[in-house]
Amino acid sequence: MDHGLPQSLDSTILRQFITQEGNRMADDSKSKPPVALTNAVSWRTEGIKHKKNEIFLDVVEKLNLLVAANGTVLHSEINGAVKMKSFLSGMPELKLGLNDKVMFEATGRNNQRSGKSVELEDIKFHQCVRLARFENDRTISFIPPDGEFDLMTYRLDTHVKPLIWVEAVVEPHRGSRIEYMIKTRSQFKSRSVANNVEISIPVPPDVDSPSFKSSVGNVTYLPDKDCVVWTIKQYHGGREYLMRAHFGLPSISREEADGKSGGMDTSWKKPIGVKFEIPYFTVSGIQVRYLKIIERSGYQALPWVRYITANGDYQLRMA
């Protein structure tokens, strides 16, 4: 409330009044705030009905990683989000259970056989979560908004080995050309598969006449970005692949390419970037233990849970 007037920045409520077409409000509704705004549950209107009651939950983790040229991990961080898409009728009450380390220790279940627990940091919840209940017994209890929303975000500042390792050997040849040998290795379990992997290797800005040979995938030279992109559609765990690239390099000598003569700017040796997405896998080990749906009409609802790990700012420095 602001000077007795209800205020809201909820996109669900604003969407009722801000449209792409002309919208003339009825005279009797001009002075009335939306019903949802004055409800105890402002993020959900009453009377919602769906033919099929189901809810989708995605645990999405993005890995930020920086690896030095000698292979040392300089920085690793996991940024996670629990995203939900709700198609539930009425006013359902949901309870979500995770393998939360603090909750396991509080209930004496930290030595259970069901798997490891995860200590989440910097947790931020959607406004629908009952914070007092979470602080009391670590139960995530809430009445969800209708449609798509982020239930919570979290962070783990923990040491993580590179899921996809990339090693580059650059060999300049005297006078006219430069050769790359790129070796990549997947360091996750063989039952997992990384999809749409893109490895971006920086090259000098004036190379020409590219030629490539790879054991898998496709290689493309992008002159506007001064890089080579090696694309692997499906990268199974525990695999290793090689790629060789040859370029004409007409403007410099071998000593300049090595940076020994001081004649060449080696700033083009930016870190190697990697993009990927691994479904059915979380690097932190977080798991949804249960998702209970309670509604007074007693209908049966289908919960769907999915795990995804993707790259964030994922870089490996070149030697």
Side-chain angles (χ1 to χ4, degrees), residues 1 6-16 34-48 50 53-62 77-107 109-110 115 117-157 282 284-309:
M1 300 291 286
Q7 307 287 324
S8 177
L9 295 176
D10 192 324
S11 60
T12 305
I13 295 175
L14 296 176
R15 202 176 292 125
Q16 301 175 28
V35 176
L37 196 61
T38 55
N39 280 353
V41 183
S42 63
W43 54 89
R44 185 180 180 94
T45 58
E46 295 182 357
I48 295 175
H50 291 284
N53 292 291
E54 52 188 357
I55 187 161
F56 300 87
L57 186 152
D58 287 349
V59 180
V60 181
E61 291 189 340
K62 292 191 175 182
E77 180 186 60
I78 302 168
N79 290 323
V82 177
K83 299 175 178 288
M84 303 192 79
K85 191 178 289 186
S86 171
F87 302 102
L88 299 175
S89 304
M91 280 284 183
E93 173 87 18
L94 273 65
K95 293 181 180 179
L96 175 66
L98 305 172
N99 56 335
D100 181 11
K101 183 177 181 180
V102 176
M103 188 272 290
F104 279 1
E105 290 176 349
T107 56
R109 300 170 61 187
N110 52 328
S117 58
V118 178
E119 187 172 2
L120 304 177
E121 304 170 11
D122 294 345
I123 302 175
K124 296 179 182 178
F125 287 112
H126 187 275
Q127 62 173 332
C128 66
V129 176
R130 295 184 173 89
L131 297 181
R133 178 78 183 272
F134 179 77
E135 292 293 337
N136 184 40
D137 59 9
R138 305 291 285 191
T139 297
I140 302 174
S141 175
F142 59 99
I143 297 174
D146 194 48
E148 194 170 347
F149 67 101
D150 286 359
L151 177 68
M152 61 178 283
T153 59
Y154 59 90
R155 182 183 64 85
L156 280 84
D157 191 5
T282 56
S284 69
I286 190 172
Q287 291 181 347
V288 175
R289 295 173 48 244
Y290 61 83
L291 178 59
K292 298 178 181 179
I293 304 169
I294 305 168
E295 215 278 331
R296 57 187 177 186
S297 64
Y299 63 70
Q300 295 295 316
L302 295 173
W304 303 90
V305 180
R306 183 173 61 169
Y307 302 94
I308 301 171
T309 292

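Any value given below was found using the heavy atoms of this structure, including those in side chains, with hydrogens, waters and symmetry copies removed.
In plain terms, the two heavy atoms of P92 and R44 that are nearest each other are CD-NH2, 3.6 Å. Scanning both residues, P144 and L94, for their nearest heavy atoms gives CD-CD1, 3.8 Å. The shortest non-hydrogen separation linking D157 to E121 is N-OE1, 3.7 Å. When every heavy atom of F149 is checked against every heavy atom of G147, the shortest pair comes out as CD2-O, 3.7 Å. Closest heavy-atom contact between V59 and T282: CG1-CG2, 4.2 Å. Across every non-hydrogen atom of A301 and I293, the tightest pair is CB-CD1, 3.7 Å.
The aromatic rings of W304 and F56 sit parallel to each other, their planes meeting at less than 30°, with 60° as the upper class boundary.
No donor-acceptor pair closer than 3.5 Å links the side chain of D150 to the backbone N or O of M152. With E295 contributing its side chain and M91 its backbone, the two residues share a donor-acceptor pair below 3.5 Å. Between the side chain of Y299 and the backbone N or O of S89, at least one donor-acceptor pair lies under 3.5 Å. For the pair Q287 (side chain) and R289 (backbone), a donor-acceptor distance under 3.5 Å is absent.
Interatomic distance, CZ of R133 versus CZ of R138, reported as 13.5 Å (0.5 Å rounding). Remark: N79 CG to L156 CG distance equals 9.0 Å, nearest 0.5 Å. Taken to the nearest 0.5 Å, the CD1 atom of I123 stands 7.0 Å off from the CD1 atom of I140. To the nearest 0.5 Å, atom CG of residue D146 and atom CH2 of residue W43 are 14.0 Å apart. Taken to the nearest 0.5 Å, the CD1 atom of I55 stands 6.0 Å off from the CG atom of L291. Atom NZ of K95 is separated from atom OH of Y290 by 7.5 Å, given to the nearest 0.5 angstrom.
The closest side-chain heavy-atom distance from S86 to P145 is not below 4.5 Å. Considering only heavy atoms from C-beta on, L302 stays 4.5 Å or farther from N53 through its side chain. Within the 4.5 Å cutoff, the side chain of V60 has no heavy atoms near those of the Y307 side chain.
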Next on the checklist: One pair to check against side-chain contact (heavy atoms from CB on, under 4.5 Å): I78 and S284. What are the steps and the verdict?
Outcome noted: CA-CA 7 Å; I78 302 168; S284 69; 3.9 Å; yes
Item to check | Derivation of the side-chain contact (heavy atoms from CB on, under 4.5 Å) call for R306 and L57 | outcome: CA-CA 6 Å; R306 183 173 61 169; L57 186 152; over 6 Å; no
Next on the checklist: Set out, in order, the CA-CA distance, both residues' side-chain angles and the distance that settles side-chain contact (heavy atoms from CB on, under 4.5 Å) for L88 and I48, then state yes or no.
Outcome noted: CA-CA 8 Å; L88 299 175; I48 295 175; over 6 Å; no
Next on the checklist: Test side-chain contact (heavy atoms from CB on, under 4.5 Å) on S141 and L96; report intermediate values, then the result.
Outcome noted: CA-CA 7 Å; S141 175; L96 175 66; over 6 Å; no
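Side-chain contact annotation: E61 with Y154, donor-acceptor N/O pair under 3.5 Å present.
Looking at D58 and K83, no side-chain N of the basic residue comes within less than 4.0 Å of a carboxylate O on the acidic one, giving no salt bridge. Electrostatic pairing of R130 and E93 counts as a salt bridge here, judged by a charged N lying under 4.0 Å from a carboxylate O.
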